[in-house]
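Take a look at the structure set out below.
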Amino acid sequence: MPPSRRKPYAASALSAAALAALALIPRETAAFCAPRAVPNAFRTAAPPSASKNALTTPLSMTPQESSATESSLTESSTELKSMTVVDDLDDIDWTNPEAVVCARGVCAPADEAVVDELCYLEEDEEGALVGMRCEPNSEKDERNVFSVDFLWPRALLLGCSMLYGTNFPLGRIMNDALPASATTSGRMLLAAVALSPFLPKLKPELRRNSLIGGCFCALGYLSQSVALLDVPAATVAFLGALVVIITPVTSAVLDDAKLGWKDSPQTWIAALLCIIGVGSLELGGEGGLGDVGWGDLYAILQAVGFGVAFRFTEGMMAKEPDQALPITAVQVGMTAFFGAVWAALDGTGLLGGFGGDNGAWLLDATTREQYALPGLFLSGFSGDETLRNVAIAAGWTGLITTAANRVGETTGLGKMTSSEAAVLLATEPLWAAVFASILLGETMGPEDVLGGALIVAACLTSALLKREDLEGVLPGVGGEGGGVGAEGLPRAPKGETKTAEQMAP
């Protein structure tokens, strides 16, 4: 941590069912059964193709026709053996829950042909999300781990994590050249425009929570931008990874998730690793506690903003996985709104020195034309090299790493488990350190390397370990609760998982 710091800034804060598919019993299938029968798997079951033909076959037929009919009836009989007999159709659970994959604030529909684990929602009688229940996917196709089909979604998600890592050094570059309020506002405005086509697709019942989550998301982005004024980009990225403990704590407060040692020991281990890692990052330099400034607090506040936002977005996306991009559009739109408010207050000098020493930049015609959109791009590509670099960075972080990256993330996410996705996304601060070294020449001392490694280890602990893995290994571990999973949502207690292939008697 560099000993020199800019002056402290004033404190600031901004606040922020699974779809059911109706399956109908085909008349032709029901005609064979008394009492009635329904297929075990609603998604794939279909009436035997020969059933209707079998019922309408003429009494007189050629030997060839007789043989074909007998074969058809044999196939029909085989299919009927896999059906569950029930006495009353009212006893059937017609719900067809959709399996999802969730990681770090994003959920996507699970591709049940390839994922190793299927996770389903658990809701109370009022339809409120109370947890996730996951089970191994016994019906997935066998795949070669070196095949393109296996590798491409993981490479895509790793690439998304790498692109997210560029936000930190590029944010520092932009803030060194322009007011932080101007760069943040411009970047988020570009992202909001790019994602705006998804806004009309947002379901009305998700609007309230989307706006609340958007407020906390804005808190995360704006705090990150302020932190990058003082704190090295790699350190801001590592401190941002504290979401690994913020999200479970938020679930405990809002969802009554069980976070005791016996229910979620992995969360406590991750928290301990995070605390030691933060201590190494913040106190390991020559100045010790004296190196800690307002920028470090804003870097931690970024984790609070994103961590709470993740709880809201994961809860909504887990119930409505096809709403990932509309929800993201609302989040980015809210961030652009608060960024514009910040830019207006800062640009007119109402915030004084908060956010840098470029106050009242909107009141000067020259700086207003250069710093605000579209003037930034017009000035940047007309000869000013500094503004050109800032314009490229704003376009990259707005259109690529904020808007397009979310599309790529949701595309790859559904083809792997939540744990795999969480591990790949946990590499973001490592990429941030790499790009900060390349673009800014930042170096990390031994204490920075140790602190960063411990925080990443905390992310991996939360992603890979489950309570069941630690039962019998650590004292006091075990209970009826399910704790919190890698996706940050409360896990349902152990027990039989109810899926679309299972019906209530």
Side-chain angles (χ1 to χ4, degrees), residues 9-16 104-106 164 167-168 170-171 174-175 178-196 198-199 202 206-229 236-237 239-243 246-247 250 254 294-295 297-317 323-347 350-351 354-356 372-373 394 397-399 401-403 405-406 409:
Y9 303 115
S12 172
L14 298 173
S15 37
R104 214 184 65 160
V106 183
Y164 282 133
N167 285 335
F168 298 91
L170 291 179
M174 291 188 292
N175 287 354
L178 269 64
S181 61
T183 58
T184 305
S185 175
R187 163 195 174 185
M188 301 313 298
L189 178 60
L190 290 173
V193 171
L195 291 170
S196 60
F198 296 102
L199 281 175
L202 182 71
L206 300 180
R207 290 172 183 168
R208 178 178 175 273
N209 280 351
S210 294
L211 291 174
I212 295 175
C215 290
F216 282 101
C217 186
L219 173 64
Y221 275 115
L222 270 60
S223 299
Q224 180 187 103
S225 183
V226 175
L228 286 170
L229 289 167
V236 175
L239 293 178
L242 291 177
V243 295
I246 299 296
T247 301
T250 305
L254 299 180
W294 283 102
L297 298 180
Y298 278 110
I300 295 174
L301 188 59
Q302 112 188 271
V304 174
F306 287 134
V308 177
F310 287 173
R311 179 267 172 192
F312 280 95
T313 56
E314 283 185 345
M316 289 184 291
M317 292 182 189
Q323 291 285 291
L325 292 177
I327 293 172
T328 301
V330 174
Q331 289 182 323
V332 173
M334 291 298 293
T335 306
F337 168 75
F338 284 112
V341 171
W342 180 20
L345 296 175
D346 180 49
L350 296 178
L351 297 181
F354 174 76
L373 297 180
T397 56
L399 300 176
T401 63
T402 302
N405 223 27
R406 180 54 61 90
E409 191 175 355

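Throughout, numbering of the chain's residues begins at 1 and tracks the sequence.
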Apply side chain to side chain contact (heavy atoms under 4.5 Å, CB included) to residues Leu170 and Arg187 and explain how you reach the verdict. CA-CA 11 Å; Leu170 291 179; Arg187 163 195 174 185; over 6 Å; no
Met317 and Thr328: CA distance, side-chain angles, deciding distance, side chain to side chain contact (heavy atoms under 4.5 Å, CB included) verdict: CA-CA 10 Å; Met317 292 182 189; Thr328 301; 4.0 Å; yes
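The structure places CG of Leu301 at 12.0 Å from CG of Leu239, a figure rounded to the nearest 0.5 Å. For the atom pair Ser210 OG and Leu206 CG, the distance stands at 5.5 Å (nearest 0.5 Å). Leu190 CG to Leu195 CG: the interatomic distance, rounded to the nearest 0.5 Å, is 11.0 Å. To the nearest 0.5 Å, atoms CZ (Arg406) and CG (Leu325) are separated by 8.0 Å. Leu222 contributes atom CG, which lies 5.0 Å from atom CH2 of Trp342 (distance to the nearest 0.5 angstrom). Note that the OG1 atom of Thr397 and the CE atom of Met188 stand 8.5 Å from one another [nearest 0.5 Å].
The shortest heavy-atom contact between Ile327 and Thr313 is CG2-CG2, 4.1 Å. Of all non-hydrogen atoms in Gln331 and Cys217, the two that sit nearest each other are CB-SG, 4.1 Å. Shortest non-hydrogen contact noted between Gly213 and Ala309 is O-CB, 3.6 Å. Nearest heavy atoms, Thr401 versus Tyr164: O-CE2, 3.2 Å. Closest approach of Ala303 to Val243, counting heavy atoms only: O-CG1, 3.4 Å. Between Ser185 and Ala343 the shortest heavy-atom distance is CB-CB, 4.0 Å.
Using a 4.5 Å heavy-atom cutoff, the side chains of Met334 and Val330 are in contact. Here the side chains of Phe312 and Thr250 are not in contact, with every heavy-atom distance at 4.5 Å or above. Residues Phe198 and Val332 fail the side-chain proximity criterion, which asks for heavy atoms closer than 4.5 Å. No side-chain heavy atom of Leu229 sits less than 4.5 Å from a side-chain heavy atom of Tyr298. Looking at Arg104 and Phe306, their side chains never come closer than 4.5 Å, going by heavy atoms from C-beta outward.
Counting only distance, with no hydrogens or angles, the side chain of Gln302 and the backbone of Val236 share a donor-acceptor pair below 3.5 Å. Between the side chain of Thr247 and the backbone N or O of Arg311 there is no donor-acceptor pair closer than 3.5 Å.
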